[in-house]
Amino acid sequence: MIACGAKAKAASTMGLVATLDFEQARASVLSRLCANRPPLIAEEVDLLEAAGRVLAEAVPADRDYPPTDRSVRDGFAIRAADVPGTLELSGEIRAGQKSDLVLQPGQAIEIMTGAAVPPGADAVVMIEHTSVAGHRVVIERTLSHRENINPCGSEMRAGQTVLQPGARLGYAEVALLATLGRRRLRVYAKPKVAIIATGDELTGIEEAPLAHQIRNSNAYSLAVQVQRAGGRPVILGVAKDEYDSTFDLIQRGLASDLLLLSGGVSAGRYDIVEKVLADLGAEFFFDRVRIQPGQPLVFGAVQGKFFFGLPGNPVSTMVTFELFGRAAVELLGGQTESMLPLTWSRLSQEFHQKTGLTRFLPARLNSDGSCVTPLEWQGSGDIAGLTRANAFLVTEAGRENWAESDLIRVLLK
Ligand code: AMP
Ligand code: MG
C-alpha cells in the first residue's frame with residue numbers, strides 16, 4: 001500500500017502546497033509511483049490477447065537460437081581457406097531439410113537462407129558472388145571466418161531470460177513469445193482507473209446542452225487515454241460543484257487503483273476538489289506546475305490511492321494526462337519504466353514566448369519529422385484545434401526566442 005507519511009493538510013487553509021517545474025513534477029510522479037506501488041496481481045492470457053499487456057513473468061529461451069549454425073544467405077557453404085578458388089559442387093541443403101552432408105576441403109554445398117550449415121563449412125558465399133559451370137563453383141573473392149553464418153546460440157542461449165517482468169508486450173515481444181512456443185503467459189491485471197468529471201455546466205453527450213452548458217468530453221478523452229496506457233477506465237460520472245456530490249464520487253473512486261478528477265482545481269470559489277480530498281486525509285505532493293496548458297495540476301495520495309486533480313479545460317486535461325497520468329497508469333500496470341515520446345525537429349518559422357513556463361503547444365510535424373509548425377489555436381478549451389495537431393512543441397521554460405530552423409523538442413501526440 002502507499003505509505004502516505006506526511007499528515008494531511010487542509011487545502012482550503014494551506015494555500016499552494018507546492019508549485020513545481022515540469023521536470024520536478026514529472027520526477028515526483030515517477031518516484032512516488034515507483035516507491036509506493038501497490039502489489040501487482042497477475043493473470044494468465046492467450047498469446048494473441050497479450051498485445052499491449054505487461055508481462056508478469058521472466059521468460060527463458062527454450063533452446064539455443066539459432067538452434068544450429070544457420071545460413072543467412074542463399075549461396076554456397078564453403079571453407080573460407082578455400083577461396084578465392086574453384087570448388088566442386090557436392091550437394092544441396094534446403095531450409096527445413098535435415099541433412100547428413102559434411103563439407104570436405106575443396107568442396108561447396110549449395111545452401112538456402114535459414115538452412116543448417118553443414119559440418120566442415122565455416123562461411124557462406126552469396127550466390128550473387130559466384131559463377132557456376134556444371135559441377136564447378138567459381139568464387140573470386142575472399143571470405144572471413146563465419147561470414148553469412150548466424151552461429152548456434154548467438155541470439156539466445158537455452159535457459160537465458162529473454163523477457164523480463166514489466167515489459168510491455170508489442171509485436172516484437174509477441175513474435176518472440178511465439179518463437180519460444182508460449183501460447184499462454186502471465187500478465188499483470190490492468191489497473192482500474194476511476195474517472196470523475198466535475199462541473200455544474202456539464203451535461204451527458206446525448207443531451208442538448210443549453211447556452212450555458214457543455215457536454216462532458218473529458219470523461220471520454222480520459223477513458224481513451226487510460227485504455228491506451230494499459231488501464232481499465234471506470235467512468236463514475238459528473239460531480240456537481242458542491243461538497244457532497246464531489247465527496248460521494250471520490251469515495252466511490254477509492255475502490256479503483258487510481259483516481260482521475262477533471263476540473264474544480266483552479267482558484268475559483270466553487271473549485272472544491274482539493275478541499276474534499278484534504279478532508280478525506282489526502283497528502284498533496286504538488287498542486288501547481290509551471291506548464292502551459294495545465295498549470296493548476298494536483299497530484300497526491302488519499303487512503304492508499306494516488307490521485308490527479310487535472311485542470312478541467314479539455315486540452316489541459318488531455319495534455320496533463322499524457323505528461324503525468326499516463327506514467328502513473330503504466331507504472332501501476334506493472335511497467336518498469338514509462339517514457340514520454342519525445343523527439344527533436346526544426347522549426348518552420350521563428351517562435352517567441354514569455355519565459356517561466358514549459359509549454360506544450362499543438363503543432364504539426366511534417367511526414368519525415370524534419371520540420372515542425374506551431375498551430376493556431378484558441379487556448380486550452382480548443383479541442384477542435386487539438387485534432388489538427390499531430391504533436392506538441394515543447395518549449396523550455398527559460399528560453400524566449402527561437403529562429404527559423406532552430407532545433408526544438410517535440411512530444412508526439
Ligand atoms: P475548471 O477546471 O473546473 O475551472 O474548468 C475549466 C474549463 O474546462 C471550464 O470552461 C469548464 O467548463 C471546462 N470543463 C471542465 N470539465 C469539463 C469536462 N468534463 N468536459 C469538457 N469541458 C470541461
Ligand atoms: Mg469547474
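Every number for a ligand or one of its atoms is a count from 1 in the order of the listing. The first residue of the sequence shown is numbered 1, and numbering continues consecutively from there.
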Q.
Yes or no: does P314 have any heavy atom under 4.0 Å from an atom of ligand 1?
A. yes

**Q.** Close-contact set for ligand 1 against I214 heavy atoms, below 4.0 Å
**A.** 12 (O), 21 (C), 22 (N), 23 (C)

Q) Backbone, side chain, both or neither: what part of S262 comes under 4.0 angstrom of ligand 1, heavy atoms only? A) side chain

Q.
Tell me the closest heavy-atom pair linking V124 and N148, and the distance in Å.
A. O-ND2, 2.8 Å

Q.
Show me which atoms of ligand 1 lie under 4.0 Å from any heavy atom of R215.
A. 20 (N), 21 (C)

Q.
Checking T395 against Q353: is there a side-chain donor and acceptor pair closer than 3.5 Å?
A. yes

Q.
Please compare N313, L261, V238 and report which has the shortest non-hydrogen distance to atom 7 (C) of ligand 1.
A. N313

Q.
With a 4.0 Å cut-off on heavy atoms, is S217 in contact with ligand 1?
A. yes

Q: Decide if atom CD of E140 counts as having more than 12 heavy atoms of other residues, nucleotides or ligands within a radius under 6.0 Å.
A: no

Q | G312-ligand 1 polar pair, N/O distance under 3.5 Å | A | yes

Q | Ring centers of F22, F324 separated by less than 6.0 Å | A | yes

Q: Taking only heavy atoms of S266 into account, list the atoms of ligand 1 that are under 4.0 Å away from them.
A: 2 (O), 4 (O)

Q: For atom CZ of R399, decide whether the heavy atoms of other residues, nucleotides or ligands shown that lie under 6.0 angstrom number more than 12.
A: yes

Q. Is D21 paired with R290 through a side-chain N to carboxylate O contact shorter than 4.0 Å?
A. yes

Q | Shortest protein heavy-atom distance from atom 9 (C) of ligand 1, along with the residue and atom involved | A | E201 OE2, 4.0 Å

(Q) Suppose I only count heavy atoms of N216 and a 4.0 Å limit; which atoms of ligand 1 are within that range? (A) 18 (C), 19 (N), 20 (N)

Q. So which heavy atom on V265 is nearest to which on E274, and how close?
A. O-OE1, 4.0 Å

Q. Can you list the ligand 1 atoms lying under 4.0 Å from a non-hydrogen atom of A197?
A. 19 (N)

Q.
If we count only N and O atoms by modelled type, under 3.5 Å, do the side chains of D368 and N366 hold a donor and an acceptor together?
A. yes

(Q) Using a 4.0 Å heavy-atom cut-off, which part of T317 comes near ligand 1: side chain, backbone, both, or neither? (A) neither

**Q.** Atoms in ligand 1 with a heavy atom of T198 nearer than 4.0 Å
**A.** 16 (N)

Q.
Distance under 4.0 Å to a non-hydrogen atom of G264: what atoms of ligand 1 satisfy this?
A. 1 (P), 2 (O), 3 (O)

**Q.** Salt-bridge contact E57-R182 (side-chain N to carboxylate O under 4.0 Å)
**A.** yes

Q.
Within a 6.0 Å radius of atom CZ on R184, are there more than 12 heavy atoms belonging to other residues, nucleotides or ligands?
A. yes

Q | Minimum-distance protein heavy atom relative to atom 17 (C) of ligand 1 | A | N218 ND2, 3.2 Å

